[in-house]
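Comments concern the structure below.
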Amino acid sequence: MTDAQAPARLERDALVDSFGRVASDLRVSVTDRCNFRCRYCMPPEGLPWLPKNEILSFEEIARITGVLVESGVRSLKVTGGEPLVRRDVPHLVRMLRALGDDLDISITTNGYLLADRAAELRDAGLDRVTVSCDSLIKHRFKDMTLRDALDEVLEGLRVSADLGLKPVKINTVVLKDVNEDEVVNFATLARETGYEVRFIEYMPLDAQDEWTAAGVVAGAEILERISGTYELVADTDDQPEPSTPFRFADGAPGRVGIIPSVSQPFCDSCNRLRLTADGALRACLFALEETDLRAPLRSGASDDDIAELARECVAAKWAGHRIGQPDFKKPARSMSMIGG
Ligand code: SAM
């Protein structure tokens, strides 16, 4: 080995559940706070925020993530709350990048602070961005997020694309009778910019407990609306992922996709794992149980201990969420507290 080569990574047993699914994608929440108040996520007054001492330090996040990478995780997504409201997130990205050049590192953000931070994030080792944006109409954007910030978000997208943080993805939650009339406009934006727009079905993860099945616009309906204007072709070259991407038959750039968590759950192929800002590991977005890693970490647990706790957490992952079933129970934490 030459000095220039990184030391070989320790290889631990993979994180496999009892149905044979392997956890390889980790969403790391860095804060439960957010500077938007999306109506399907958080009430206008906000939520009781976690006390600072309960939030993992960057060193703690990097240590846990390092053990999970040794256990086979290859994709890291920094999220929140709104990750960019936490100070010095590029520093965390640099620490995560030090875990391996082979890792796919991305961030999910509402985009409000992105234009200012994108260059620093890229230089720290970020590969790409996903920006949440639910409306391209200024007053509706404000109505949906309680923040008059569409211009800043579009600028964040543009700057990210210019810096090569690609593919630039947009997450759009589609709500019945609120923004469903905009799906074709979002597809047009994808064609004009090369962005990939992923339409997300509204899930029962709002803190306000206002979700109803009637508020969901099914993915199939969204695709049908877009197909009425643009002919779509499934892009089968991609690795399987929840959002089957579609390209435009006429060769225009950009893609669209659906994340049909409610109407067509993709639990059978789910490879995701989540670390909350306060150090709980969750094998499913809808899990009712989670594994606290912060307490063991702060009381001297070894990396082997952490790996074992993570393996146990994943091993106990259930077959799938129960949305729409009579026995469905909403998790105690809502989306912004888990990390989307
Ligand atoms: N603040 C960042 C952002 O806006 O992307 C990251 C956290 S946010 C909780 C992650 C994603 O969850 C966003 O795309 C948001 O729209 C989505 N989300 C929040 N509540 C949701 C719900 N009830 N159903 C579906 N998606 C939801």
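Counting starts at 1 for both ligands and their atoms, following the listed order. Not measured: the values here are computed from a predicted model.
Nearest residue to atom 8 (S) of ligand 1 from S336, C34, G80 is G80 (criterion: closest heavy atom).
Of the charged side-chain nitrogens involved, none lies within less than 4.0 Å of a carboxylate oxygen, so that D123 and R94 do not count as a salt-bridged pair. Ion pair E120/R117 not flagged as a salt bridge, since none of the NZ, NE, NH1 or NH2 atoms sits closer than 4.0 Å to an Asp/Glu carboxylate oxygen. Salt bridge status for D278 with R333: present, with a side-chain N to carboxylate O gap under 4.0 Å. Looking at K77 and D25, no side-chain N of the basic residue comes within less than 4.0 Å of a carboxylate O on the acidic one, giving no salt bridge. Checked for salt-bridge contact, E182 and R140 meet the test: a charged N lies under 4.0 Å from a carboxylate O.
For ligand 1, the atoms lying closer than 4.0 Å to a non-hydrogen atom of C41 are 19 (C), 20 (N). Close contacts between ligand 1 and N171 involve ligand atoms 14 (O) [criterion: under 4.0 Å to a heavy atom]. Numbered from 1 in the order shown, with element, the atoms of ligand 1 that lie under 4.0 Å from a heavy atom of G81 read 1 (N), 2 (C), 6 (C), 7 (C). Shown in contact with T79 at under 4.0 Å from a heavy atom are these atoms of ligand 1, numbered in order with element: 6 (C), 7 (C).
Contact annotation: E201 has at least one heavy atom less than 4.0 Å from an atom of ligand 1.
Side-chain atoms of R21 come within 3.5 Å of backbone atoms of A319 as a donor-acceptor pair (strictly under, hydrogens ignored). Side-chain N or O atoms of R282 include none that pairs as donor or acceptor with a backbone N or O of T291 at under 3.5 Å.
Legend: residues meeting side-chain hydrogen bond (donor to acceptor under 3.5 Å, both in side chains) with S227, ordered by chain and number and at least two apart, are absent.
Scanning the protein heavy atoms around atom 10 (C) of ligand 1, the nearest turns out to be G340 CA, 3.8 Å. Looking only at heavy atoms of the protein, atom 26 (N) of ligand 1 is closest to V173 CG2, 3.5 Å. Scanning all protein heavy atoms for the shortest distance to atom 24 (N) of ligand 1 gives M203 N, 2.9 Å. From the protein, the heavy atom lying nearest to atom 17 (C) of ligand 1 is M335 CE, 4.0 Å. At the top of the distance list for atom 18 (N) of ligand 1, counting protein heavy atoms only, stands Y40 CE1, 3.7 Å. Counting protein heavy atoms only, atom 14 (O) of ligand 1 is closest to S132 OG, 2.7 Å.
For R322 and F286, the positive end is not near the middle of the six-membered ring at less than 6.0 Å and at most 45° from its axis.
Where the criterion is an N or O separation shorter than 3.5 Å, residue side chain and backbone included, D134 fails it with respect to ligand 1.
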